[in-house]
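Structure, as structure tokens:
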4 protein chains.
Amino acid sequence: MTTQHRHKRKDGLRRQAQIMSLAMRLFAEKGYHSTSVDDIITAAQIVKGTFYLHFKSKQDLLNSIVDTHLNLLYESLKILDISLPRPLDEIRQLYSDVGAQLMQDPELKVFVKLMLREVMGHDSGFLNKINSFFMGMAQLFSQYITKAQDEGRIIKSIDPTITSYSIIGSVKEVLFHWAVMDEKLDIQKSINTMIEIYFTGLIEQPSKEVR
Amino acid sequence: MTTQHRHKRKDGLRRQAQIMSLAMRLFAEKGYHSTSVDDIITAAQIVKGTFYLHFKSKQDLLNSIVDTHLNLLYESLKILDISLPRPLDEIRQLYSDVGAQLMQDPELKVFVKLMLREVMGHDSGFLNKINSFFMGMAQLFSQYITKAQDEGRIIKSIDPTITSYSIIGSVKEVLFHWAVMDEKLDIQKSINTMIEIYFTGLIEQPSKEVR
Amino acid sequence: MTTQHRHKRKDGLRRQAQIMSLAMRLFAEKGYHSTSVDDIITAAQIVKGTFYLHFKSKQDLLNSIVDTHLNLLYESLKILDISLPRPLDEIRQLYSDVGAQLMQDPELKVFVKLMLREVMGHDSGFLNKINSFFMGMAQLFSQYITKAQDEGRIIKSIDPTITSYSIIGSVKEVLFHWAVMDEKLDIQKSINTMIEIYFTGLIEQPSKEVR
Amino acid sequence: MTTQHRHKRKDGLRRQAQIMSLAMRLFAEKGYHSTSVDDIITAAQIVKGTFYLHFKSKQDLLNSIVDTHLNLLYESLKILDISLPRPLDEIRQLYSDVGAQLMQDPELKVFVKLMLREVMGHDSGFLNKINSFFMGMAQLFSQYITKAQDEGRIIKSIDPTITSYSIIGSVKEVLFHWAVMDEKLDIQKSINTMIEIYFTGLIEQPSKEVR
DNA sequence: AATGAATGAGCCTTCATTCAT
DNA sequence: AATGAATGAAGGCTCATTCAT
């Protein structure tokens, strides 16, 4: 009967951000299904009602988290767009820079972990969001490949679709070991190796009689 | 009012296999968490008690499914072991053959889907099993890479670990589009493209006598 | 971040009346239990606190609504009081007039709907209020019946209590079809039919051999 | 962790019937909304799971209760069907008999109470079910009225629809005082009074100077 | 080997109400 | 007079698991 209000008032947005951040950590750590709303409110030191004041449902919270971080990522990756033919070294440097910079955000690491853990366990809405993100990423490579094939800089025998899948997969997997398995990876080296594999590797060698 | 036990008695193993097969489909389609024991027994046309006669728990069922299929896979992939230096073309052919052959098993497709959906959403036990499988697969490449690096056939600037992650990721991703997204992929072409990317791509160029 | 209090200040009573009117509509449409305070404040474009500024509780709001409208009804029906023996035709006309007049108030229709929907689903307080209203209405008839029985104008074989229940029921039911089922009923005709049934029907016929 | 099964096993149908009977009482007493599933399982001395083993939802339970009793009622009232012209006295007797007999079932009384409490507070599904029952009942009267109007035995100036509403209302209201208000009513007398009002009352009097 | 009624902890969600601002 | 973030009891429902038959 006696309702007590001992808690600090935050304005709506701050609470929301706080819940999202904490929830993302829990989701990433234990998985979405295994994280209960109770876990979340305990971590956030709020009560049930407060949670549902800010989010329509647990799923809604997940959506908000994903949308927010995905948008941030989209912004960051825009810069990688390679419409104009730049020298290879410049591209290398660009990827290296952007990659290194992103990897420094600790929130991002948690988000990547969440993303990779929960990619498939969900209704298509979620899956599609994450997937179209990766697809977007792939397109950058894909465009480059096709264009470069036309210009004779990349061998024509490879299938661009499969190749782009391959690239996404490579990126995902390395991210997986970094974010989920928490392996200490030298980020600079990792990026370079992957660029090496795909860029150098795909480039048609003058002296090579392909097949 | 007389309860009748009219249900066919299958000998234990057949029932077990039947449940596993049906459950695997359900897990692959709806996800492990979203598939209830009720869903399974309904599909299998048995009752609760019967289920727990064959499996200790729902988790136990998943384990059994994974163990069974993973062992089959291990057997199939043993042949890919490349201790002895074989000519590249032979290797190419080998991967191509094994891959094509595996892709024909419809049960395997379902299992791959399950594996890729649920890889991360779980307690470490499950994750480790699946992961060590992929690791095993990676090692085949990894060994080859390292050895080939020593022999001067593969560029030394790449990191073998990252490279093998990259390869696993590529394979996973293509499998994902095939099994989960159910895209119609030309398997032969896909395998060839990936071999092309990694094999040809990794080979140190100028002085190389291809094949 | 500065919270602004931009909302129009209505003087207390107007706000109160506005909330009551809107809430009555919602209660009538969705039922008391299924209408949340949130629904009400959304409709009234106010916030939680404002609501509780005007009403102690949701139940208090309902009480206020009922009291207000019930009092209006009492006023209107006072005129029907028949202490003095009036000629039948005059009575007929009176009921017809009062009924027709009442039915024209759209707010009343909503209130009737609410009353009939929620009569029983509640704690006795509410139920009693509504019920004593109907009882009051019944008494008008009841008095007339008894008096008329004494005067030999109404057959003595009927039970006045049951008869008055019967009359209330008849009125309620026709109101129900009108207000809740929203059937297009010719009000004049309906009133006349009911008067016919009860008045004409109950009058002892001189030439009639009763039973 | 330790699940204890101390409870007697009943076969499904008996449990179901037991729950329905107890729940009906609770619904009738406190109202559907104010009766929680917890209330029900406490009364039935079972646990949550057991409840949902037998009923899909709380609403489903209500539906089952209503369907069951409504069907029983339908059976009982079939006999009242008056296709063939029977003498008035015979009809009187028939109604009197059926009514008296029904009123003796204590479960029925509870059901009537429930029905009258919850008629309107619900989604149309429930409302329609109850309503079509009353409509069915009304039709019996309605048929008689129309036919009797044709045969010149009932005055033509009344509206059959309104008249049937009036009759249903009368019945409902008397039932209400009997079942909900728990008044001690002489059933025989009540039935007779209502028959008197409607039957005798409606009959056109040969020597009567109408109005 | 099979049955299926019973369990109960745990989940997500709603909502009337309070009170610091 | 008005705000709206916070409360927390209570609700309906799910589901893996057990065990008497």
Side-chain angles (χ1 to χ4, degrees), chain A residues 1-12 14-16 33 35-41 46-59, chain B residues 3-12 15 33 35-41 46-59, chain C residues 3-12 15 33 35-41 46-59, chain D residues 1-12 14-16 33 35-41 46-59:
Chain A
M1 209 51 34
T2 47
T3 309
Q4 294 184 29
H5 298 251
R6 10 184 160 237
H7 250 32
K8 52 247 169 194
R9 301 194 137 217
K10 304 196 177 184
D11 72 288
R14 271 198 40 223
R15 242 303 112 84
Q16 211 151 313
H33 276 109
T35 302
S36 69
V37 173
D38 261 299
D39 292 336
I40 297 166
I41 65 171
I46 56 175
V47 297
K48 279 280 170 65
T50 308
F51 177 87
Y52 284 94
L53 188 64
H54 292 290
F55 300 96
K56 279 210 327 278
S57 66
K58 189 183 159 191
Q59 180 67 49
Chain B
T3 309
Q4 295 184 31
H5 298 247
R6 60 183 101 213
H7 245 15
K8 50 252 172 189
R9 303 190 146 212
K10 301 196 177 185
D11 64 293
R15 179 95 327 146
H33 274 109
T35 302
S36 68
V37 174
D38 253 76
D39 291 336
I40 297 167
I41 65 169
I46 56 175
V47 296
K48 280 279 170 66
T50 307
F51 177 87
Y52 282 93
L53 215 56
H54 291 290
F55 301 96
K56 274 205 344 268
S57 67
K58 188 183 161 191
Q59 181 67 49
Chain C
T3 308
Q4 295 185 28
H5 297 247
R6 58 183 103 213
H7 245 12
K8 51 249 171 192
R9 302 193 149 214
K10 301 198 177 185
D11 65 293
R15 200 33 39 109
H33 275 109
T35 303
S36 67
V37 174
D38 253 76
D39 292 335
I40 296 166
I41 64 168
I46 55 174
V47 297
K48 279 281 170 67
T50 307
F51 176 87
Y52 283 92
L53 215 54
H54 293 289
F55 301 95
K56 274 206 344 269
S57 66
K58 187 184 162 191
Q59 180 67 48
Chain D
M1 211 49 37
T2 47
T3 310
Q4 292 185 33
H5 298 251
R6 6 179 164 241
H7 251 31
K8 52 252 170 188
R9 300 193 137 216
K10 303 194 178 185
D11 72 286
R14 273 199 37 223
R15 240 308 109 83
Q16 214 152 313
H33 276 109
T35 302
S36 70
V37 174
D38 261 299
D39 292 336
I40 296 167
I41 65 171
I46 56 175
V47 297
K48 278 279 170 64
T50 306
F51 177 87
Y52 284 94
L53 189 63
H54 292 290
F55 301 96
K56 282 210 324 276
S57 66
K58 190 184 161 191
Q59 180 68 48

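Residue numbers start from 1 in every chain, and the chains themselves are labelled A, B, ... in the order their sequence lines are given, proteins ahead of strands. Predicted, not measured: the structure shown is a model, and the values here were computed from it.
Residue C:Arg15 places at least one side-chain N or O closer than 4.0 Å to OP1 or OP2 of F:dA2. Between A:Ser57 and E:dC12 there is no side-chain polar atom (N or O) within less than 4.0 angstrom of OP1 or OP2. Look at D:Thr50 and you won't find any side-chain N or O under 4.0 angstrom from OP1 or OP2 of E:dA5.
In this structure, the CG atom of C:Leu53 is 15 Å from the P atom of E:dT17, given to the nearest Å. The interatomic distance linking A:Phe51 (CZ) with F:dA10 (P) rounds to 22 Å, in whole Å. We find that NE2 of B:His33 is positioned 15 Å from P of E:dG10, with the value rounded to whole Å. Note: NZ (C:Lys48) to P (F:dT7) measures 14 Å, nearest angstrom. Straight-line distance from the CD atom of A:Gln59 to the C1' atom of E:dC11: 15 Å, rounded to whole Å. Rounded to an integer number of Å, the gap from A:Ile46 CD1 to F:dA5 C1' is 11 Å. Look at CG on B:Asp38: it is 14 Å from C1' on E:dA6, rounded to the nearest Å. Distance CD1 (C:Ile41) to P (F:dA5): 11 Å, rounded to an integer number of Å.
In terms of modelled atom types and a separation under 3.5 Å, the side chain of D:Lys58 and the main chain of D:Thr35 share a donor-acceptor contact.
Remark on DNA chain E: of its neighbouring residues B:Gly49 and C:Lys58, the 5'-side contact belongs to B:Gly49, judged by nearest-heavy-atom nucleotide. Closest-nucleotide positions on DNA chain F for D:Asp39 and B:Lys56 were compared, and the one nearer the 5' end corresponds to D:Asp39. In this structure, A:Val47 and B:Ser36 both approach DNA chain F, and ranking their closest nucleotides by distance from the 5' end singles out A:Val47. Of the two residues near DNA chain E, C:Tyr52 and D:His54, the one whose nearest nucleotide lies more 5' is D:His54.
In this structure, A:Arg15 and A:Ile46 have side chains that are in contact, with non-hydrogen atoms separated by less than 4.5 Å.
Applying the Watson-Crick and G-U wobble criteria (two distances, each under 3.5 Å), F:dT3 pairs with E:dA20.
How far OG of C:Ser36 is from CD1 of C:Ile41: 8.0 Å, rounded to the nearest 0.5 Å. The CG atom of A:Leu53 sits 10.0 Å away from the CZ atom of A:Phe55 when rounded to the nearest 0.5 Å.
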